[in-house]
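Below is one structure; the comments refer to it alone.
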Amino acid sequence: MAATGCVAIPTADGSDAGRFTASSLVAQRLFASMSVFGEEGAPEQAGPLLLAGFAFSGRHAAQGEWRGFPGARLVLPRTLVVRLGKRAFVTCIQPIDPACDRDALWDLLQQNLSRSLSAAAGSVELPAGLAGPSPLRSQPPFEPGAEYRVVADREHAVYRRQVSEALAAIERGKLHKVVLARSLQVEHPGSFSVVVLRDRLRQLYPDCVTHAFTREDGTFVCASPERLVSLHGGQVSTGALAGSSARGQTPEEDALLAEQLMRSSKERAEHAAVVDAIRAALEDICWPLQGPRQPELMRLAGIQHLHTPLTGRLLDARSPHRA
């Protein structure tokens with residue numbers, strides 16, 4: 001999927017959980033104002049679609065490295081290209097003024113489509129003949145010979161002390177599960193290509209979802225195996241991903257590390273906590289929520305995780321709650 005241009009940025013006010021409800025209402029009003037023309041039977045992924053981003057926390061502050069990325073943001077792109085197997089679908093969105101010149105508007109739409117397809121070719125592989133190859137794919141991401149400088153947000157000794165304090169809090173029963181992380185800033189004096197970085201992440205992690213969102217002078221790039229939730233025809237799909245181990249250098253070492261991960265009481269307990277949290281979050285809107293009794297292994301380049309896929313049917317708001 002690749003999107004270029006911006007037709008509208010609808011405002012969704014609200015904080016914490018309220019931002020999701022506000023965003024849903026904004027989206028419903030926006031789609032109700034649209035007329036869609038095109039191929040009959042096209043998949044729902046073909047658009048028009050709203051691209052949305054939400055901060056992890058309702059107390060998010062759009063500053064520092066997150067400058068320009070608010071707690072909730074919706075974008076209606078001018079052109080959306082979606083590739084599904086060997087087919088590609090293009091959606092173009094054009095605001096229409098009742099007093100506009102119809103022929104001039106059509107010419108403008110054609111021009112926007114041509115420019116957008118050329119730009120999209122750098123982000124998504126298009127069928128032959130739809131757009132030419134991207135010249136960015138052959139460019140190196142960095143200037144040759146340049147070196148990196150890595151700066152952590154805290155000293156390693158401070159981080160280790162925080163880990164010890166978290167473990168002590170778990171022993172006292174104050175915490176059940178906690179995830180500690182550090183931020184690393186990698187500085188480089190040469191040029192940098194987000195497109196090349198994203199393509200390399202996609203090649204390294206073909207089973208992950210790779211994102212690249214640009215705001216002002218910053219771009220959020222991510223390759224993640226985690227899916228928050230998907231909904232298709234009333235079917236809800238999500239999953240728990242918690243408990244990790246490195247991959248082995250040989251098939252024998254890899255199998256041993258996988259077995260140790262599956263048998264680890266610590267990793268299994270952390271994984272169970274995530275499964276329980278997901279079930280608790282969805283039990284009032286989705287039933288029954290089904291999944292395997294034992295976690296599976298999700299193996300990626302350099303790391304493997306415990307994974308429990310979960311699916312269920314969305315409850316009808318008019319139906320009585322389950323017993």
Side-chain angles (χ1 to χ4, degrees), residues 1 12-31 43-45 49-60 70-74 170 173-181 207-211 213 222-244 261-262 264-300 303-323:
M1 177 187 296
D13 295 325
S15 59
D16 203 19
R19 58 206 162 114
F20 298 106
T21 301
S23 298
S24 177
L25 295 174
V26 165
Q28 292 175 42
R29 289 196 296 268
L30 184 63
F31 286 126
E44 60 182 5
Q45 299 97 319
L49 297 178
L50 271 174
L51 305 183
F54 298 94
F56 185 81
S57 170
R59 299 185 298 274
H60 167 76
R73 180 178 170 82
L74 306 178
I170 292 175
K174 187 176 181 180
L175 294 175
H176 182 53
K177 183 181 188 301
V178 61
V179 178
L180 296 176
D207 296 323
C208 293
V209 176
T210 305
H211 303 272
F213 295 103
C222 169
S224 174
E226 293 191 83
R227 173 172 55 188
L228 180 62
V229 66
S230 69
L231 175 64
H232 291 287
Q235 180 79 12
V236 177
S237 299
T238 183
L241 200 66
S244 308
L261 176 60
M262 292 292 290
S264 171
S265 58
K266 168 187 174 295
E267 302 294 345
R268 293 290 289 266
E270 292 185 3
H271 185 82
V274 175
V275 173
D276 291 343
I278 293 175
R279 290 188 179 278
L282 296 180
E283 64 179 358
D284 290 333
I285 60 173
C286 179
W287 185 262
L289 195 61
Q290 299 176 328
R293 298 185 63 179
Q294 302 293 331
E296 306 168 351
L297 277 177
M298 178 184 288
R299 286 173 157 163
L300 305 170
I303 193 169
Q304 50 192 333
H305 305 284
L306 295 178
H307 176 232
T308 297
L310 298 166
T311 60
R313 297 293 301 179
L314 194 66
L315 287 172
D316 189 326
R318 295 167 296 178
S319 64
H321 193 278
R322 65 178 177 84

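Values reported hereafter were calculated over all heavy atoms of this structure, with side chains retained and with hydrogens, waters and symmetry mates removed.
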- Query: Any sub-3.5 Å donor-acceptor pair from His307's side-chain atoms to Leu241's backbone N or O?
  - Reply: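 Not confirmed, His307 side chain does not pair with Leu241 backbone.
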Taking Arg19 for the side chain and Phe54 for the main chain, is one N or O donor matched with an acceptor at less than 3.5 Å?
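Side chain of Arg19 to backbone of Phe54: no pair is present.
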If you look at every heavy atom in [X] and [Y], which pair is closest and at what distance?
X      : Y      : result
Cys208 : Pro225 : SG-N, 3.7 Å
Ala273 : His176 : CB-NE2, 3.6 Å
Gly312 : Leu289 : N-CD1, 4.1 Å
Pro295 : His271 : CB-NE2, 3.6 Å

Kindly compute the distance separating [atom1] ([X]) from [atom2] ([Y]), expressed to the nearest 0.5 Å.
X      : Y      : atom1 : atom2 : result
Leu315 : Ile285 : CG    : CD1   : 8.0 Å
Leu50  : Ser24  : CG    : OG    : 10.5 Å
Thr308 : Glu296 : OG1   : CD    : 7.0 Å
Leu231 : Arg313 : CG    : CZ    : 9.0 Å
Met298 : Ile303 : CE    : CD1   : 11.5 Å
Ile278 : Leu310 : CD1   : CG    : 5.5 Å

Qualifying residues under salt bridge (Lys or Arg N to Asp or Glu O under 4.0 Å), relative to Glu270, sequence neighbours excluded
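For Glu270 the salt bridge (Lys or Arg N to Asp or Glu O under 4.0 Å) partners, ignoring immediate neighbours, are Lys266.
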* **Qualifying residues under side chain to side chain contact (heavy atoms under 4.5 Å, CB included), relative to Ser237, sequence neighbours excluded** =>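 For Ser237 the side chain to side chain contact (heavy atoms under 4.5 Å, CB included) partners, ignoring immediate neighbours, are Arg227, Ser230, Gln235, Thr311.
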So with a 6.0 Å cut-off around CG of Leu228, is the heavy-atom count from everything else above 12?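 Not more than 12 within 6.0 Å, no.
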**Q.** Distance-only polar pair, side chains of His211 and Ser224, donor-acceptor under 3.5 Å
**A.**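 There is no such pair (donor and acceptor under 3.5 Å, judged by atom type) between the side chains of His211 and Ser224.
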